[in-house]
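Here the structure comes first, spelled out in structure tokens, and everything after it is commentary.
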Amino acid sequence: MPSVRGTVVIDVDTCKGCELCIDACPQDSLALSKEINKKGYHYAVLIQDNCTGCVNCALVCPDAVITVYRTKKTGKAEKIVTKQPVAVISKVQSNIKVSVDELPEGKVNL
Amino acid sequence: MPSVRGTVVIDVDTCKGCELCIDACPQDSLALSKEINKKGYHYAVLIQDNCTGCVNCALVCPDAVITVYRTKKTGKAEKIVTKQPVAVISKVQSNIKVSVDELPEGKVNL
Amino acid sequence: MNSELPPLDSLECVWAKPSTLTDTPMHYCPGCGHGVVHKILMEVIQELHIQSETIGVAPVGCSVFAYYYMDIDMQEAAHGRAAAVATGIKRMLPDKYVFSYQGDGDLAAIGTGETIHAANRGENILVIFINNAIYGMTGGQMAPTTILGMKTTTTPEGRDTETQGFPFKITELIAMLPGAYYVTRQAVHTPNVVRQFKKAVTKAFQYQKDKKGYCLIEVVSNCPSGWKMTPLESNKWMEQNMFPVYPLGDLKVDGKLTEKKS
Amino acid sequence: MNSELPPLDSLECVWAKPSTLTDTPMHYCPGCGHGVVHKILMEVIQELHIQSETIGVAPVGCSVFAYYYMDIDMQEAAHGRAAAVATGIKRMLPDKYVFSYQGDGDLAAIGTGETIHAANRGENILVIFINNAIYGMTGGQMAPTTILGMKTTTTPEGRDTETQGFPFKITELIAMLPGAYYVTRQAVHTPNVVRQFKKAVTKAFQYQKDKKGYCLIEVVSNCPSGWKMTPLESNKWMEQNMFPVYPLGDLKVDGKLTEKKS
Amino acid sequence: MSNVRLMKGNEALAEAAIRAGCRGYFGYPITPQSEILEYLAREGREHGMVVMQVESELAAINMVYGAAGAGARVMTSSSSPGISLMQEGLSYIACAELPCLVVNVNRGGPGLGTIQPSQGDYFQATKGGGHGDYHLIVLAPATVQEMADFVYDAFDLADKYRNPAMILADGALGQMMEKVIFREYDPKASMPDKPWATTGKPPTRERNILTSLHIQPEKMEEINRCLQVKYQLINKDEVRYELFYADVAEMLVVAYGLSSRIARRAVEMARSQGLSVGLLRPITLYPFPYQVLKDLAQDLRNVLVVELNAGQMVQDVRLGIEGAVPVHFYGRMGGIIPPPEEILSKIADLGSRISTPQAHPPLAENTKNQSANLNSIFEIAKTMRREDEF
Amino acid sequence: MSNVRLMKGNEALAEAAIRAGCRGYFGYPITPQSEILEYLAREGREHGMVVMQVESELAAINMVYGAAGAGARVMTSSSSPGISLMQEGLSYIACAELPCLVVNVNRGGPGLGTIQPSQGDYFQATKGGGHGDYHLIVLAPATVQEMADFVYDAFDLADKYRNPAMILADGALGQMMEKVIFREYDPKASMPDKPWATTGKPPTRERNILTSLHIQPEKMEEINRCLQVKYQLINKDEVRYELFYADVAEMLVVAYGLSSRIARRAVEMARSQGLSVGLLRPITLYPFPYQVLKDLAQDLRNVLVVELNAGQMVQDVRLGIEGAVPVHFYGRMGGIIPPPEEILSKIADLGSRISTPQAHPPLAENTKNQSANLNSIFEIAKTMRREDEF
Amino acid sequence: MTHEILFAGFGGQGVLSMGMTLAYAGMLEGKEVSWMPSYGPEMRGGTANCIVIISDKNISSPIVSQFDAVIAMNQPSLDKFEKSVKPNGILMYDCSNVIIPHSRTDLTVVPVPLELEVMKLKNSKVKNMIMLGAFLSVCQVARVSSVMNALTHVLPERYHHLLDVNRKALEQGKRLVIEAATPLA
Amino acid sequence: MTHEILFAGFGGQGVLSMGMTLAYAGMLEGKEVSWMPSYGPEMRGGTANCIVIISDKNISSPIVSQFDAVIAMNQPSLDKFEKSVKPNGILMYDCSNVIIPHSRTDLTVVPVPLELEVMKLKNSKVKNMIMLGAFLSVCQVARVSSVMNALTHVLPERYHHLLDVNRKALEQGKRLVIEAATPLA
Ligand SMILES: Cc1ncc(C[n+]2csc(CCOP(=O)(O)OP(=O)(O)O)c2C)c(N)n1
Ligand SMILES: Cc1ncc(C[n+]2csc(CCOP(=O)(O)OP(=O)(O)O)c2C)c(N)n1
Ligand code: SF4
Ligand code: SF4
Ligand code: SF4
Ligand code: SF4
Ligand code: SF4
Ligand code: SF4
Ligand SMILES: [Mg+2]
Ligand SMILES: [Mg+2]
């Protein structure tokens with residue numbers, strides 16, 4: 001059992017099952033689920049409890065859906081701000097606003 | 001007196017008096033005229049009979065108004081074609097033609 | 001699985017999505033490098049506390065929707081004109097941070113003139129250049145950086161020099177310009193290169209603060225959809241085929257060409 | 001003066017205006033390098049007997065009227081687009097000779113994209129690039145190649161890098177592109193450099209015949225009017241101030257960078 | 001049957017270009033027309049065509065200039081923003097009188113807009129988006145078959161008049177599939193000699209110069225007058241349109257391209273409901289069938305113009321009708337395509353008003369009761385009825 | 001008297017830009033307007049303005065986009081071919097609703113053309129040379145004084161409506177000198193807040209996004225409808241024109257910019273000869289004074305439109321007149337400026353015809369007796385009378 | 001006779017090629033045909049769809065809002081387009097994926113348990129052909145043989161090894177409805 | 001009162017600045033003024049010219065084709081513009097460079113032997129000011145003092161050392177015509 005223990009929380013609804021985290025995990029702690037999420041993807045899940053909290057998976061995750069925790073203080077904690085819910089959509093112009101509703105899912109040709 | 005003798009003929013009406021030929025002549029054979037031509041320029045003239053036909057003046061003349069002759073065969077003669085009068089202006093399109101009349105004199109801003 | 005660990009709130013969070021990224025799920029294809037670059041860029045902006053001083057420019061390309069994800073003021077630019085738009089912003093707001101985020105089609109094809117002249121003027125901006133060797137957004141056509149022999153929808157027989165010319169190494173050209181202060185080529189497909197990339201971004205913003213001039217970070221990246229591969233295949237293919245043509249590393253640091261480069 | 005010489009018809013003519021130049025007097029200012037370049041270009045075309053196989057492209061700039069003087073088929077191109085127009089012609093007529101004749105504003109400012117991509121494609125054309133460090137035709141504004149400190153109507157205090165960036169050495173960039181086969185920097189202000197220049201032009205047409213690809217001949221030239229000098233002063237100024245920034249010589253021959261270059 | 005195929009509009013157009021003897025294609029990808037480039041990259045190259053994806057639309061149009069000047073049949077294609085980038089080049093091409101084909105598969109604008117079908121580029125295509133007095137010959141296909149057929153016609157007209165021709169389609173015509181029959185066409189037979197082309201000056205002729213520069217205004221005016229005479233000839237001889245039921249109609253619907261098909265369905269529905277409605281479909285947008293409208297105007301009570309924009313061709317219709325009867329407008333924008341029912345209800349609405357012809361509303365009519373407060377634009381827009389005249 | 005100066009139009013415009021609080025100029029040299037850049041490079045920089053000669057017009061307009069988006073008053077200027085290169089950028093700016101000033105010192109086109117004055121870019125300026133449904137606010141100065149004054153007005157209108165404004169001048173107005181008085185103007189007082197500008201998102205507000213991309217057609221249509229409502233407001237509130245003697249005139253001459261001054265002299269001459277002629281000078285070309293024409297039409301017998309082009313504004317005049325009376329056209333092209341006497345003789349000619357109002361001639365009227373043989377275009381053009389309707 | 005048919009479902013369910021195959025078949029039988037896809041971005045929770053028109057006469061509008069038949073491959077499509085079927089028209093849907101069924105009573109409704117059927121063929125990619133086969137037995141808009149034929153043209157050559165399984169799926173779908181219909185009769 | 005004056009000659013003869021100086025002087029006297037150059041290329045054998053209008057009222061057209069006065073600095077200008085002088089107008093020209101003199105008889109014609117005069121001043125660059133001075137004594141369109149004043153504004157600062165010689169030239173021109181006129185009187 002590694003000296004540093006950690007764990008990850010994955011937002012499975014937003015995960016796209018790209019497997020990059022799985023490939024990046026030095027502990028082989030991750031795998032794809034059998035189930036699919038509501039977007040139709042098999043998502044990443046923690047399959048072993050040997051996670052060291054090394055952050056590798058989080059670094060390569062393109063969708064930023066992995067949050068990593070550790071049991072031991074690293075002294076870096078103050079640098080890491082846990083995601084706060086933020087209001088993301090703004091009325092940007094007197095008469096034109098960009099709303100999230102119009103954001104397409106998946107590839108768009110322009 | 002140099003072994004090779006030559007001379008130049010200058011189209012004084014087209015000369016713009018830039019003096020580049022004068023500067024380029026190793027024999028100091030050239031100078032600007034006192035008179036002005038019909039364009040208002042003092043033009044280049046041969047002032048000494050020490051021309052060697054070295055072609056320097058002709059090479060640097062931007063307006064190609066100098067013709068150079070030599071007394072001695074150089075073996076290069078066949079490469080040099082004396083200027084033949086050519087018809088220069090063509091009717092280029094069914095309805096648009098470029099005519100020399102429209103060519104401006106001197107700097108044009110576009 | 002995690003049953004042996006204490007509950008989350010007794011743990012220390014060591015990595016979380018930066019607060020400068022919005023909660024909007026990204027529209028990118030699974031495994032696409034754009035997402036990683038977005039994430040790191042926003043992480044650096046958060047860490048440097050410059051969210052309120054940064055203006056981003058997203059021209060056309062898959063990342064045209066970047067402003068949905070980046071929680072900063074942003075302008076969408078016409079295809080190829082990001083460097084000009086960024087110049088306009090920066091010249092009016094010289095004390096703000098300005099970056100553009102451009103694809104290879106945008107930066108190295110239609111925007112060649114703007115790209116090179118912004119660098120040559122030494123515009124004090126950061127340009128993030130995603131080189132995925134293809135036009136992702138329009139469905140997989142050849143990009144200027146497409147490597148020889150590579151098949152795309154417009155080079156069905158593979159890119160050949162006769163009609164299509166050579167893979168265009170614009171980053172090498174830009175490094176030669178006196179106005180360019182920091183020019184580097186990075187990637188984001190493994191944890192280590194992501195760490196490198198983050199350093200590069202941090203450095204570039206610092207340079208911009210110090211008014212050093214033009215910084216360019218090329219990211220050699222994948223396009224699983226355009227290349228018709230799985231994300232993992234695409235990363236492997238990228239290492240094997242793109243890195244030889246586009247080797248990673250710094251080309252110019254502190255206004256000086258690196259050894260490697262010459 | 002010539003009274004001691006035999007009459008002209010008993011002499012041998014060793015230099016005369018090439019028959020490929022029309023009789024139309026050129027509109028250029030006295031002492032302007034454009035005329036010399038025209039003359040040599042047409043001389044080479046005459047000597048190679050390719051008048052009937054050559055198509056020239058003259059974009060906007062002082063040389064926009066080149067087609068009045070060159071007795072060959074010619075197209076006038078929009079400002080900056082000569083490389084694109086030449087590409088269009090060459091691709092339709094691959095066995096003809098195609099050249100473009102461009103100023104520094106045309107080639108290195110508005111036409112940067114077209115210039116670089118034609119080179120990168122290795123278009124089998126010859127580009128003659130007149131670098132006079134100024135916009136001659138529009139009355140003496142700064143060009144991308146204007147040297148630092150040089151006064152023009154748009155840099156009344158002299159070019160400074162802050163607003164205007166650096167003198168843009170596009171020829172050096174082009175030499176780096178694999179599609180470029182022959183890249184050289186020449187001048188035309190003394191008999192000897194004119195001879196050199198003529199050799200370069202001859203070589204470039206030969207390469208084009210052999211389908212070697214893109215050739216670029218930069219001519220560092222004067223603009224007495226724009227610089228507000230006499231022709232002789234301008235040539236001196238050019239030697240003293242421009243040659244250090246734009247040193248003459250070959251940058252790339254037979255597809256290989258020269259010693260000098262690296 | 002081998003010549004009958006089910007094809008996307010974009011592909012049909014590309015295939016026709018090959019058959020029309022097009023020797024060069026220069027383009028840059030943009031949705032919704034990248035299939036043209038992609039199809040030609042596959043099929044065109046096989047037929048020896050020079051097919052180049054180049055660095056930009058600007059480069060593309062100028063390569064077309066050079067290549068057309070070299071005497072070849074050549075083309076480019078793009079969609080709205082890309083076509084905007086070509087405006088300088090088009091003005092040069094028109095003035096130098098170079099025949100070529102430019103395809104605009106119109107999408108919703110302005111700006112980056114959407115990729116959905118639109119007719120928002122009508123003005124740009126017909127009035128000249130570039131500088132100076134010039135015109136493209138503009139053909140507006142309404143079917144995939146016409147996407148193919150008009151390629152031949154466009155090249156032929158371009159060659160005949162030494163004038164750039166444009167096919168103005170839209171995203172839907174580019175993407176939809178229909179049956180196409182490729183008619184027999186021999187490019188060699190229909191291509192005129194091009195003695196003006198810059199192919200290298202043989203000793204037997206004087207040199208050819210292609211230019212649009214004429215520094216003396218007198219000369220430039222002469223050039224312009226030549227162009228105008230040419231446009232008059234085109235206006236006299238090349239107007240094309242289709243009329244449905246117009247002979248017995250009180251109301252005339254005018255629409256082109258995709259919207260003409262929707263309108264036609266609506267007209268059919270309206271007639272089956274007993275309304276006296278006809279349809280005019282301009283096929284050439286430049287030259288525009290002004291005279292047809294003028295002739296019809298006598299017997300009409302009402303005109304309805306349907307476009308996928310905010311009202312552009314409606315100006316040409318009004319110029320043709322010259323105030324003889326009211327001209328109404330119905331438009332959708334941004335890539336929205338109205339179903340026939342929507343047009344039908346507009347027809348029915350106007351039909352019921354036919355008995356009381358009203359004065360033609362001024363352009364700003366609908367703003368009358370609106371507050372000038374700009375902050376409320378958003379609210380105003382929400383309450384605006386679509387059939388408002390804007 | 002210190003504020004009274006004798007200046008070239010280009011210089012007056014540049015000086016006014018400094019006084020109007022313009023903080024950024026991005027441009028590229030082109031005759032006949034390079035003096036604007038040159039003046040600002042001298043004087044503007046002294047006043048702390050960012051004055052940049054950049055790599056192209058394309059770069060310039062997109063720098064304007066960025067800089068305007070950053071909340072500053074900014075501008076660019078060019079002449080015809082350069083303006084054509086800006087069309088994509090203008091469409092983006094219009095859709096993203098960024099206020100800025102674009103100056104077109106129109107020269108003779110199409111193509112490279114001449115450098116002499118022209119009004120050949122009217123369509124491009126007023127109908128939108130770029131793609132999609134958008135409009136610039138277009139002001140047409142006729143004096144050097146107005147070259148200066150309209151800079152303030154253009155910036156104010158641009159800011160008020162968040163819309164790009166254009167000053168459409170011509171080579172003569174740029175090059176001629178007249179007396180100019182720079183009126184008091186406090187940019188700070190007249191510049192509205194720009195809470196939408198991308199200046200960096202403080203924690204106190206949501207982020208600002210400037211875009212013209214709306215991938216869902218419904219959204220894009222909404223954007224378009226907002227724009228159209230804005231244009232209606234502009235049409236309602238911002239139409240500007242000048243009327244001379246129109247109240248008592250049987251014939252109305254319509255002309256703008258330089259040609260309006262020549263026409264005005266001609267009208268004065270005609271009136272002194274007893275002819276009943278008035279003059280309408282549209283000052284805003286967009287919005288166009290349609291309603292004024294409609295109102296005047298009742299009492300007129302005849303309209304003559306004078307332009308330095310082949311007939312562009314005449315279409316807008318016809319749209320306003322709606323067939324009520326014949327609308328004639330007189331135009332010179334390619335940089336030719338007719339003297340007042342030339343217009344006078346046209347007025348006199350029509351005046352004598354006033355008693356027998358004739359049907360409005362079709363557009364192609366003058367080609368009727370012409371052979372369709374294209375080879376003879378050159379000859380036809382030579383014999384064409386200039387007052388032909390084309 | 002004119003048939004106006006809408007095919008709708010998630011992107012990736014083969015909705016577009018289903019329509020394209022039918023259109024091609026119509027063309028093979030000498031009819032006028034049009035196929036209009038909803039191109040562009042797949043909207044969040046939206047549907048991909050295409051309109052196919054097959055007619056003896058020229059087709060005026062390729063876009064209509066009321067259909068003779070709607071084939072819905074998922075719940076959102078059913079929800080969205082049920083109302084777009086003309087009175088007495090056909091509504092066909094994959095009932096294995098649907099929680100809220102149809103509600104109109106003036107239609108010929110054909111729910112098809114695609115999940116079940118596709119398992120029989122051990123190939124989830126051919127759902128669309130099963131559905132198309134089923135549709136053909138409800139509505140004789142084209143002969144099955146023409147559709148079989150059409151497949152050869154519509155499938156890119158690199159997929160021609162899948163021709164057989166696609167044809168089987170078609171036939172299975174066709175039988176399905178005939179069988180289902182028999183006991184009812 | 002409105003004066004419409006045309007100055008014409010070769011480029012380089014100072015024709016444009018002659019007009020500009022007069023226009024400036026008019027402005028200094030509170031008049032409306034306009035100066036319209038023939039900008040653009042100097043045409044082969046053509047003339048540079050400018051139209052100056054000075055008026056008490058607003059100036060409508062800055063371009064006219066008939067002038068109250070024409071000042072021609074060379075033969076081509078005389079040839080071209082003699083016909084453009086209004087009846088009873090003024091035609092003034094440099095007679096030292098003219099071979100074919102004027103022919104109209106309905107004008108006040110003032111031939112000025114500029115070559116001669118300029119030699120007196122030993123400065124060939126001030127021909128234009130001599131001519132302007134001469135014109136001012138024929139036609140009181142502006143006071144000489146205003147023109148003197150105007151010169152300060154019209155001459156770029158780097159040429160201000162030439163102010164004096166220009167003023168002298170003006171005066172010389174003015175005297176010239178007065179003297180010439182005296183014996184005639
Ligand atoms: C003027 C113009 N031309 C073309 C397009 C279409 N277009 C949009 S993005 C793009 C290229 C995308 O490639 P890249 O810049 O490499 O970005 P990626 O999608 O690969 O990240 C093109 C050609 C456009 N929007 N505007
Ligand atoms: C689109 C466009 N922009 C600007 C111009 C004006 N213009 C004509 S030539 C020129 C630059 C001339 O400089 P250069 O290319 O260096 O040629 P040179 O005259 O110095 O030989 C410019 C800006 C133009 N004709 N077209
Ligand atoms: S990298 Fe992220 S998106 Fe990809 S599988 Fe892992 S958690 Fe999911
Ligand atoms: S934090 Fe490290 S060990 Fe834990 S799952 Fe992620 S990559 Fe594996
Ligand atoms: S040929 Fe040589 S020597 Fe003779 S004049 Fe010319 S430069 Fe002088
Ligand atoms: S170089 Fe030529 S133009 Fe110049 S002075 Fe000599 S002869 Fe005359
Ligand atoms: S198309 Fe390519 S670049 Fe675009 S989002 Fe998908 S994978 Fe990424
Ligand atoms: S302006 Fe300069 S480049 Fe142009 S002709 Fe004169 S000297 Fe030559
Ligand atoms: Mg890319
Ligand atoms: Mg230059």
Side-chain angles (χ1 to χ4, degrees), chain E residues 80-81 84-85 87-88 91-92 94-95 108-114 116 120-121 123-124 127-134 212-213 215 217 220-221 224-226 228-230 232-233 235-237 290-291 309-310 318-319 322-323 333-336 362-364 367 372 377-378 380-381 384 390, chain F residues 80-81 84-85 87-88 91-92 94-95 108-114 116 120-121 123-124 127-134 212-213 215 217 220-221 224-226 228-230 232-233 235-237 290-291 309-310 318-319 322-323 333-336 362-364 367 372 377-378 380-381 384 390:
Chain E
S80 311
S84 288
L85 287 172
Q87 294 306 322
E88 188 205 27
S91 176
Y92 272 72
C95 191
L112 188 48
T114 67
Q116 302 299 124
D121 301 353
F123 276 150
Q124 187 192 54
K127 307 284 169 190
H131 57 287
D133 291 285
Y134 72 91
S212 63
L213 168 64
I215 198 73
M220 193 68 216
E221 182 170 64
N224 265 294
R225 288 165 65 203
C226 290
Q228 294 300 323
V229 171
K230 180 165 88 173
Q232 288 186 352
L233 292 181
N235 271 291
K236 185 165 77 71
D237 293 340
Y290 295 109
Q291 191 59 50
N309 60 34
R318 288 191 177 131
L319 286 170
E322 283 188 307
M333 294 169 292
I336 300 277
L363 284 178
T367 62
I377 283 192
F378 193 60
I380 297 175
M384 268 176 71
F390 44 49
Chain F
S80 310
S84 288
L85 287 172
Q87 294 307 322
E88 188 206 26
S91 176
Y92 272 72
C95 191
L112 188 48
T114 68
Q116 302 299 123
D121 302 352
F123 276 152
Q124 187 191 53
K127 308 283 169 190
H131 58 286
D133 292 285
Y134 72 90
S212 64
L213 167 64
I215 198 71
M220 193 68 216
E221 182 170 64
N224 265 294
R225 288 164 66 202
C226 290
Q228 293 302 322
V229 172
K230 180 166 87 173
Q232 288 186 352
L233 292 181
N235 270 291
K236 185 164 77 71
D237 293 340
Y290 294 110
Q291 189 60 47
N309 60 34
R318 288 192 176 129
L319 286 170
E322 284 188 308
M333 295 169 293
I336 301 277
L363 285 178
T367 63
I377 282 192
F378 193 60
I380 297 175
M384 267 175 73
F390 46 47

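In the text below, chain A, chain B and the rest are named by the order of the sequence lines, each starting its count at 1.
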Quiz item: If you take all heavy atoms of Met333(F) and Glu221(E), which pair is closest and at what distance?
Solution: N-OE2, 2.9 Å
Quiz item: Is a side-chain N or O of Ser84(F) found less than 3.5 angstrom from the main chain of His131(E), in a donor-acceptor match?
Solution: yes
Quiz item: When rounded to the nearest 0.5 angstrom, what distance separates CD in Glu88(E) from CG in Leu85(F)?
Solution: 4.0 Å
Exercise. Look only at the side chain of Ser91(F) and the backbone of Gly111(E), and say whether a donor-acceptor pair between them is shorter than 3.5 Å.
Key: yes
Quiz item: Considering all heavy atoms of both residues, which atom of Ser212(F) and which atom of Leu112(E) are nearest to each other, and what is their separation?
Solution: OG-N, 2.8 Å
Practice problem: Examine distances only and state if a side-chain atom of Glu322(E) and a backbone atom of Glu322(F) form a donor-acceptor pair shorter than 3.5 Å. | Solution: no
Quiz item: Out of Gly120(E), Gly335(E), Ala94(E), Ser80(E), which one racks up the most heavy-atom pairs below 4.5 Å with chain F?
Solution: Ser80(E)
Quiz item: Among Gly108(E), Gly113(E), Gly109(E), which has the most heavy-atom pairs under 4.5 Å with chain F?
Solution: Gly113(E)
Quiz item: Looking at Pro110(E) and Cys95(F), what are the two nearest heavy atoms and their distance?
Solution: O-SG, 3.5 Å
